[in-house]
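Residue numbers begin at 1 in each chain, while the letters A, B, ... track the order of the sequences.
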2 protein chains.
Amino acid sequence: MDGRFGVVSSPTIEEAAGLLEKLLDGSSMVVVAGVCSSEYEGRGASVSTEGDKLLIVKPGGAVILHGPRGFRPLNWQPSTSHTEVATAEGLLTLKFYRRTPREVLKIACSSVWYVAWVRFPEEGAFWMYMTEDDLRRAVALHPRELLGEDIRFFAEEKRTPSGKADLYGVDGRGNIVIVEVKRVRADESAVRQLEGYVRDYPTQAKVRGILVAPDISDAARRLLESRGLEFRRVDLKKAYSLLKPGRGRSVLDFL
Amino acid sequence: MDGRFGVVSSPTIEEAAGLLEKLLDGSSMVVVAGVCSSEYEGRGASVSTEGDKLLIVKPGGAVILHGPRGFRPLNWQPSTSHTEVATAEGLLTLKFYRRTPREVLKIACSSVWYVAWVRFPEEGAFWMYMTEDDLRRAVALHPRELLGEDIRFFAEEKRTPSGKADLYGVDGRGNIVIVEVKRVRADESAVRQLEGYVRDYPTQAKVRGILVAPDISDAARRLLESRGLEFRRVDLKKAYSLLKPGRGRSVLDFL
DNA sequence: CGTGCCAGGTGCCCT
DNA sequence: AGGGCACTTGGCACG
């Protein structure tokens with residue numbers, strides 16, 4: 001356990017417990033594979049029966065229990081306030097407690113295939129592009145290219161009784177325009193958001209509501225039109241390329 | 001690679017590539033730990049620089065790349081249609097492609113701490129309790145206990161132009177009642193949902209809208225009251241115990 | 001710390 | 001497939 005990382009294959013239940021006692025001190029990214037069952041109780045409650053599981057515990061206390069299939073973990077704890085490792089009746093039992101909200105995840109393993117760890121793991125940097133934030137900024141900066149008209153925007157992310165609207169502006173005729181931006185196909189909840197923002201705007205004059213997204217569902221479009229709101233189609237990559245010239249092309253174009 | 005599971009510690013890049021060629025055939029739950037960078041492009045785009053990473057590949061094609069911290073993976077692919085393993089300039093490179101939506105995740109590792117796998121992993125059963133579905137059924141079956149009045153419900157999950165409303169019923173005075181259920185603190189979007197459903201109900205008569213949740217945010221309550229809607233507080237565990245008598249008590253009560 | 005909302009959200013169920 | 005929505009949603013930014 002002195003190196004940068006380590007693996008113990010086929011430990012006994014007692015060996016695994018001894019290892020984990022030391023490893024779950026927040027210094028290591030730990031993986032346990034074995035045959036385990038689990039119980040969760042807190043905001044909800046769940047039970048899983050014995051099966052092959054993969055347990056990941058990270059520095060910082062994130063706990064993730066994966067089954068053999070699917071992207072989502074079976075159980076997890078975004079962070080833990082207290083951890084218990086024990087052996088009982090031939091089982092390795094792990095308990096992860098969280099304070100707020102109060103919840104507990106219990107895992108019991110009858111076999112452990114391996115325990116592996118990386119000590120003091122180094123964190124690289126991470127950047128995300130083409131987020132809604134990018135799209136919103138692109139719309140605010142290039143309304144003519146993306147919406148087909150000139151709108152002078154004067155507020156972003158402004159609080160209203162119905163929530164936070166994305167963009168507030170004035171069009172060429174002096175109308176107030178409220179824009180709700182979605183980076184994915186817009187659905188009915190997007191229309192409901194926009195509807196609330198428009199209704200909440202404190203004026204007797206006409207307020208335009210524009211939903212900006214790459215696409216809109218049929219049901220959302222019907223709702224939108226019945227509420228007198230507008231839709232503008234926008235391409236996410238085009239918007240991003242307006243923001244960062246030169247980044248428009250990508251490997252996917254040639255796939 | 002014949003046993004139920006296996007671990008190879010400190011493989012060379014070429015050894016790791018050779019192993020993964022065989023392991024990524026959908027038969028195994030595979031873990032790779034190493035120093036890697038990643039690139040994603042598809043619905044969005046992201047880049048991560050070199051750092052300790054944990055890569056999980058499951059039968060079924062789910063790919064999950066974790067950094068040292070946090071619950072959420074840095075990158076992932078819920079399923080993959082095509083996988084490529086290669087070595088180039090001392091790097092182990094992995095590419096995971098997905099067809100719909102079209103996206104690709106590339107991972108490049110300069111060091112591999114270990115490769116571990118479990119073959120043909122067995123999937124246990126999984127049950128979840130205290131879901132919104134449970135709460136909705138409890139409200140439908142026990143309106144007196146949970147809402148404080150008798151309501152005869154005649155429809156669930158009914159489609160309206162604004163979306164799907166949870167419950168439709170008739171109260172003691174013959175009023176139509178529409179109920180929106182939340183298993184967590186209700187926010188403004190819950191109020192917007194209910195508002196839409198009430199508005200869409202095809203009648204001139206008064207329609208009551210009741211939001212049922214363990215709690216409600218101040219802003220949501222203000223919005224709700226300004227729209228003439230009602231709120232009923234309900235306890236998730238009490239509701240669940242009405243549904244499944246005897247399951248009300250739990251370890252958390254004694255924590 | 002609560003409030004609101006985005007997320008490459010994912011998963012489930014229905015049409 | 002698309003559509004609508006819950007989720008132990010998690011995570012962030014803001015008051």
Side-chain angles (χ1 to χ4, degrees), chain A residues 40-46 62-65 69-79 98 100-105 128-136 157-166 180-193 196 215-221 223 236, chain B residues 40-46 62 64 70-79 98 100-105 128-136 157 159-166 180-193 215-223 236:
Chain A
Y40 161 78
E41 184 152 2
R43 289 169 290 174
S46 76
V63 178
I64 306 162
L65 184 69
R69 291 183 172 278
F71 161 77
R72 297 267 292 190
L74 293 174
N75 293 108
W76 67 90
Q77 209 83 283
S79 67
R98 192 183 181 195
T100 50
R102 181 172 285 191
E103 46 191 357
V104 57
L105 171 58
M128 185 84 220
Y129 311 106
M130 296 201 287
T131 63
E132 182 183 279
D133 205 59
D134 288 331
L135 180 53
R136 174 163 50 80
E157 294 282 353
K158 201 159 158 282
R159 194 75 183 70
T160 84
S162 279
K164 275 190 299 188
D166 283 333
E180 175 64 25
V181 171
K182 289 291 163 202
R183 65 181 301 289
V184 294
R185 171 184 279 240
D187 61 9
E188 286 168 300
S189 96
V191 178
R192 283 196 299 259
Q193 274 185 53
D215 198 3
I216 185 168
S217 74
D218 291 345
R221 183 181 281 278
L223 181 62
L236 185 54
Chain B
Y40 161 79
E41 183 151 0
R43 289 169 288 173
S46 75
I64 307 162
F71 162 79
R72 293 271 245 157
L74 292 174
N75 291 109
W76 68 90
Q77 210 78 285
S79 66
R98 192 183 181 196
T100 49
R102 180 172 284 191
E103 45 191 358
V104 57
L105 172 58
M128 185 83 220
Y129 310 105
M130 295 201 288
T131 63
E132 182 182 277
D133 206 58
D134 288 331
L135 181 53
R136 174 163 50 77
E157 293 283 353
R159 196 73 183 69
T160 84
S162 279
K164 274 189 301 186
D166 282 333
E180 176 63 25
V181 170
K182 290 290 165 202
R183 63 181 299 290
V184 293
R185 174 186 275 240
D187 60 9
E188 286 167 303
S189 98
V191 178
R192 284 196 300 258
Q193 275 184 52
D215 200 3
I216 186 169
S217 74
D218 291 344
R221 181 181 282 276
R222 279 194 298 274
L223 182 60
L236 184 54

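- With hydrogens and angles ignored, the 3.5 Å screen pairs no side-chain donor or acceptor of R98(B) with any backbone N or O of V104(B).
- Scanning for salt bridge (charged side-chain N to carboxylate O under 4.0 Å, His left out) contacts around D187(B) gives an empty result, with sequence neighbours left out.
- Taking a cutoff of 4.0 Å between a charged side-chain nitrogen and a carboxylate oxygen, R221(A) and D218(A) do not qualify as a salt bridge.
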*What string of B, S and - do you get for nucleotides 8-15 of chain C 5' to 3' if you count protein non-hydrogen atoms under 4.0 Å?*
BSSS----

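- With hydrogens and angles ignored, the 3.5 Å screen pairs no side-chain donor or acceptor of R43(A) with any backbone N or O of V184(B).
- As a whole-Å value, the separation of L236(B) CG from dA6(D) P is 15 Å.
- The phosphate of dG4(C) (OP1 or OP2) has a side-chain N or O of S217(B) nearer than 4.0 angstrom.
- One interatomic measurement links the two molecules: CG of D133(A) to P of dA13(D), which rounds to 10 Å at whole-angstrom precision.
- Atom CG of D218(B) is separated from atom P of dG15(D) by 17 Å (rounded to the nearest Å).
- Nucleotides of DNA chain D nearest to A165(B) and T100(B) differ in position, and the one nearer the 5' end is that of T100(B).
- Look at CG on L135(B): it is 15 Å from C1' on dC5(D), rounded to the nearest Å.
- Here Q193(A) does not reach the OP1 or OP2 of dG4(C): none of its side-chain N or O atoms lies under 4.0 Å away.
- Taking the side-chain contact (heavy atoms from CB on, under 4.5 Å) definition, one finds that S46(B) meets it with F126(A), M128(A), Y40(B), N75(B), sequence neighbours left out.
- Regarding D187(B), its CG atom lies at a distance of 14 Å from the P atom of dC5(D), rounded to whole Å.
- Looking only at side-chain heavy atoms (C-beta outward), L65(A) and W76(A) stay at 4.5 Å or farther from each other.
- R192(A) comes within contact range of the sugar-phosphate backbone alone, with a heavy-atom separation under 4.0 Å but no base atom that close.
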